Amino acid sequence: MNKQAASCTERMQFIGNKALVKALKLAAGVMPIRDPQLLVGTDATTRLAEIIARRSISKALIVTTAGIVKRGQADELIRELELQGITPVIFDGIVPDPTFEVVNAGLDLLRQEACDSIVAFGGGSAMDAAKVMAIAAANNRAPEKLVGFFKGLRQPLPLYAVPTTAGTGSEATIASVISDNRTHKKCFVIDSRSVPLAAALDPRLMEKLSPSLTAATGMDALTHAIEAYISTISTAKTDRYAEEAIRLIFEYLPRACKNGSDLEAREAMSIASYKAGRAFTQASVGYVHAISHQLGAHYGTPHGLGNAIVLPEILEFSQSAASESLARLALALELGDANEPEAALAEKFVDHVRKLNRKLGIPAAVAELAEEDIAGIARGALKEALLNYPVPRHMGQVECEALLRGLLHTRSSAAAQVAEKPAYTGA
Ligand SMILES: [Fe+2]
C-alpha cells in the first residue's frame, strides 16, 4: 500500500474509532461498577474471613498458585476461614496467563467439592481465573462460552480477593483475560458483576516481592492510572481515582523497591493499584498497553516492564492532545505552579515519569526488539488500540514505527548511559 492510500485508510479507521469511543463513553456513564469492600492492613485477612462467614458460606475454593501454597502465604487465610467454620479447598493450579484448561480444572474441583464461594489469592492471573470460575459455576456454562460481554445470566458465586502483588488492580476490574491454547489468543470475559465482593490488601503478602517485580508491577499500576486519566472517556470519578493512585505511586514505589519490608509503602502501593484498577476499568487504557502486549507476545517482555519503557514515549507523543490533563497531574504532584504555561507543565510531568523510570533502574530500550519486527509490532498494536482504546491522539503506522525505533537497544544506549544511579538493577 502506498503512503497516501495508507493514510487514507488510517483516516477511515479513525472515524470508526471515534464511533467506538462514543459508544464506550456512553457505556462508561451508565454501566454501574461495584466497589468491592476494601479491607486494608495487616489484619485484612482476618477481617475478610469474618465477612465471608457473615454470608453463611460453608466451603470456599481458594484459587492460587503452587508457589504461594509452598511458601505458606495462604496459611493465615486457611486458619481464619476454619476458625469461622468455613472449609477451605485449595486449587493451586494457577499459572501465569491462565488458559481455559486451568479454569476448567479449578471448576472441576469446585463442583466435586460443592464449594459455595471462591477466594482468589494471588496476582492478576489468580484473580482473572477465579472471576471466570465464579461466573461459569453460577451459570453452569463452559468458561469458553463466557468470552465477550455479560454472557452469564445469573450473579457469579460469591467471590473475594486477596492480591499478592500491587499492579494489576484486578480486584477492582470487570474484565478477565484467559488464554486460548488452540488459537493462541487472549480472550476477554467482561462482566461488571465479577468484581469481588471484598478485597483484603495485606501489605505483608508483598514483603518478599523482588525489587524488579515490585518496580514492574508498580509501573503497570502507574500506566493504568495515567492512561485512564488521559483517556477521552474519563469521568470526574475515574480522574479522582487515577490522580490518587498516581500521587501514591510516585511517593511510595521507590520506597517499596528500596526496602521490601517497608509495610507503609507496600500498603500504599496496594491501595494505589486498586485505585488505578478502578480508574482504568471504566476509562480504559491506551497505546502503552497496546504496544506492551505486542512486546509480550513477540519477546515475552514482562507486561509491567514493557509498559514502563513505553509510557514516557507515548506521553510525549500524546502531549499536544493531552496537555491539559498532563498539566493537571504536574500541579497535583507540585512540579510547577498554576501560572506556568500548560505545555511546560505537561512537559514537567512527562520528565517526572522518565525520572521515576531511571530511579527504579528501568531501561530506556527493549533489549530484544529487532528492526525486522517493528512493522508487525506496530500493526498489531495499532489494531488493538483502534478496536479498544479511547486515546487522546491517534497514531499512524509510520509514527508508531518511529516510536518503536527509538526503543531499539542501539538507539537508546546513549540515553541509558546518562541514567541516574538506579535504586536497584535488573528490572
Ligand atoms: Fe496493565
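Please read all numbers here as calculations on a predicted model, not as lab measurements. When a ligand or atom number is given, it counts from 1 through the structure's own listing order. FYI, side chains are in, hydrogens and waters are out, and symmetry mates aren't considered; it's all heavy atoms of this structure. Numbering of residues begins at 1 and proceeds along the displayed sequence.
- When atom types are taken as modelled, the side chain of K131 and the backbone of T173 share a donor-acceptor pair closer than 3.5 angstrom.
- Side-chain atoms of N307 and S292 form a donor-acceptor pair, as typed in the model, at a separation below 3.5 Å.
- By the 4.5 Å heavy-atom criterion applied to side chains, E267 and M206 are not counted as neighbours.
- Within a radius of less than 2.8 Å around the Fe ion (ligand 1), the protein N, O or S atoms are D220 OD1, H224 NE2, H289 NE2, H303 NE2.
- With hydrogens and angles left out, the side-chain atoms of N104 and E144 include a donor and acceptor closer than 3.5 Å.
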Trace of the salt bridge (charged side-chain N to carboxylate O under 4.0 Å, His left out) decision for R278 with E244: CA-CA 11 Å; R278 191 61 188 75; E244 285 165 10; over 6 Å; no
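- Between the CE atom of M219 and the CG atom of L311 there is a distance of 5.5 Å, given to the nearest 0.5 Å.
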